[in-house]
Amino acid sequence: MEWLTIGAFARACRLSPKALRLYDELELLRPARVDAATGYRYYTPAQLEQARLVAWLRRLGMPLARIRTVCALTPAAAADEIRAYWAQVEAETAVRRDLAAFLVDELAATPRKDTTVLELRYSAHSHPGLVRPANQDTAHAGARLLAIADGYGPAGAPASSAAVAALRYLDTADLPAGNVLNLLADAVHGATEAVRDVAAGADENGTTLTALLWTGSRLALVHIGDSRAYLLRGGALFRITHDHTVVQSLIDEGRLTAEEAGTHPQRALLLKALTTGTPDLKLHDAEPGDRYLLCSDGLSGVVPDTTIRDLLTTATAPDTAVHSLVDAANTAGGPDNVSCVVADVVETVALSPAS
């Protein structure tokens, strides 16, 4: 039998040796023989066809978990799977194209007059769901602060409440002219200490935290855990947070698809929470007509993003939106506590001072 070294095989199929070693670890493309003494990998010319298919699919941007599925199919079924994947890519590209067109129009428009200001109109709603005996979520909506915390463990409810309570002074405090992210980071440090106090040192107690602080033109975001923040802009829905979970890390590495993550047995397992990791901090520029949603995983875990977008789009006011979203989660079985905060960025006319 003719054997190809990993270097020769890499040149023939146009995959790097590093990629071949990764695909071996993922059991996507195993070598035909591994030298017992040196651990060196050898391949056969018969494996080139599959290797080239993997290379082509990677150039398409297909995740590794989905490539594994394609490689296990018959040619006809594999073609159908690739066709379905590309249709999904084109649909997602169309959404981004619409957002790009929207941003171009907004940035090219005549600047707003000095007499106009932006403000938030907001609402919050929390429900225990249909299965859990108590509600461990805490939701808050104010003129400056929007926050969701999802507690876990025997002291989950006090933990989430303490986290949000520690941030509430931001709703009424004068914001300094300096870096608002530094202000928010300091507040979150206080929230972390407050949660540690109520958790009494027990690792099984803790909370997620996702919050937005309004500056008048921007929103400062802090996020840790698997609660989420979404932005509805120009009819398109965008998730602006990244889940700190085991399944999200597997998706990021290409070891799991988003579809597979929905049924993964460890989908609720957190990698970080408020007292066990460093939160994400970033700024978002606001535009009139933006609608923001903060929610616990009691919503995002059972209601698809497409349904969330439809409900946010059709609701005329934040209060209507939060109740519709919570109702949708309970209609889907309500397996967890569910909390939502919705805030609209609206343009108002500032009155000129009397002469």
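Just so it is clear, the values below take in all heavy atoms, side chains as well, and ignore hydrogens, waters and symmetry mates. Because the structure is a prediction, the values reported are computed rather than measured.
Contact check on R83 versus D80 returns a salt bridge, with a Lys/Arg side-chain nitrogen under 4.0 Å from an Asp/Glu carboxylate oxygen. With salt bridges taken as basic N to acidic carboxylate O contacts below 4.0 Å, one links D24 and R30. The pair D344-R121 does not meet the salt-bridge criterion, since no charged nitrogen lies less than 4.0 angstrom from a carboxylate oxygen.
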Kindly indicate, with the supporting measurements, whether the criterion side chain to side chain contact (heavy atoms under 4.5 Å, CB included) is fulfilled by V341 and L293.
CA-CA 6 Å; V341 172; L293 164 67; over 6 Å; no
Step by step, work out the salt bridge (charged side-chain N to carboxylate O under 4.0 Å, His left out) result for E27 and R68.
CA-CA 8 Å; E27 299 183 359; R68 185 186 295 110; over 6 Å; no
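Considering all non-hydrogen atoms of both residues, A143 and W214 come closest at O-CD1, 3.6 Å. A pairwise comparison of heavy atoms in C71 and V54 identifies SG-CG2, 3.9 Å as the closest pair. Between A166 and A194 the shortest heavy-atom distance is CB-CB, 4.4 Å.
Atom NE2 of residue H284 and atom CG of residue L212 lie 7.5 Å apart, to the nearest 0.5 angstrom. L294 CG to L221 CG: the interatomic distance, rounded to the nearest 0.5 Å, is 8.0 Å.
Grouping the Ile, Leu, Val, Met, Phe, Trp and Tyr side chains by contacts below 4.5 angstrom, directly or via other members, places V345 with I240. Note on Y122: it does not cluster hydrophobically with L311, by side-chain heavy-atom contacts below 4.5 Å among ILVMFWY residues. The hydrophobic clustering, which links ILVMFWY residues whose side-chain heavy atoms are closer than 4.5 Å, places Y292 and L232 apart. Placement of V338 and V131 in two distinct hydrophobic clusters is found when ILVMFWY residues are connected by side-chain heavy-atom separations under 4.5 Å, directly or transitively.
Under the 6.0 Å cut-off for aromatic ring centres, H244 and H223 qualify, their centroids lying closer than that.
Using a 30° and 60° split on the angle between ring planes, W3 and Y42 fall in the perpendicular class, above 60°. Relative orientation of the H323 and H125 rings is parallel, given thresholds of 30° and 60° on the angle between their planes.
D305 and Y230 form a side-chain donor-acceptor contact under 3.5 Å, judged by distance and modelled atom types alone. A donor atom on one side chain and an acceptor atom on the other are found under 3.5 Å apart for D171 and H140. In this model, a donor atom of one side chain and an acceptor atom of the other lie less than 3.5 Å apart for S227 and T208.
Other residues, nucleotides and ligands place no more than 12 heavy atoms under 6.0 Å from the NE2 atom of H189.
Here the options are I308, T307, I148, the test is side chain to side chain contact (heavy atoms under 4.5 Å, CB included), and the partner is L299; only I308 passes. When the options D150, D297, T138, D137 are evaluated for a side chain to side chain donor-acceptor pair (under 3.5 Å) with S339, the one that passes is D137. V195 pairs in a side chain to side chain contact (heavy atoms under 4.5 Å, CB included) with only one of the listed residues (L274, L209, N205), which is L274.
A donor-acceptor pair is defined here as one N or O able to donate and one able to accept, closer than 3.5 Å; no such pair exists between the side chain of K272 and the backbone of P279.
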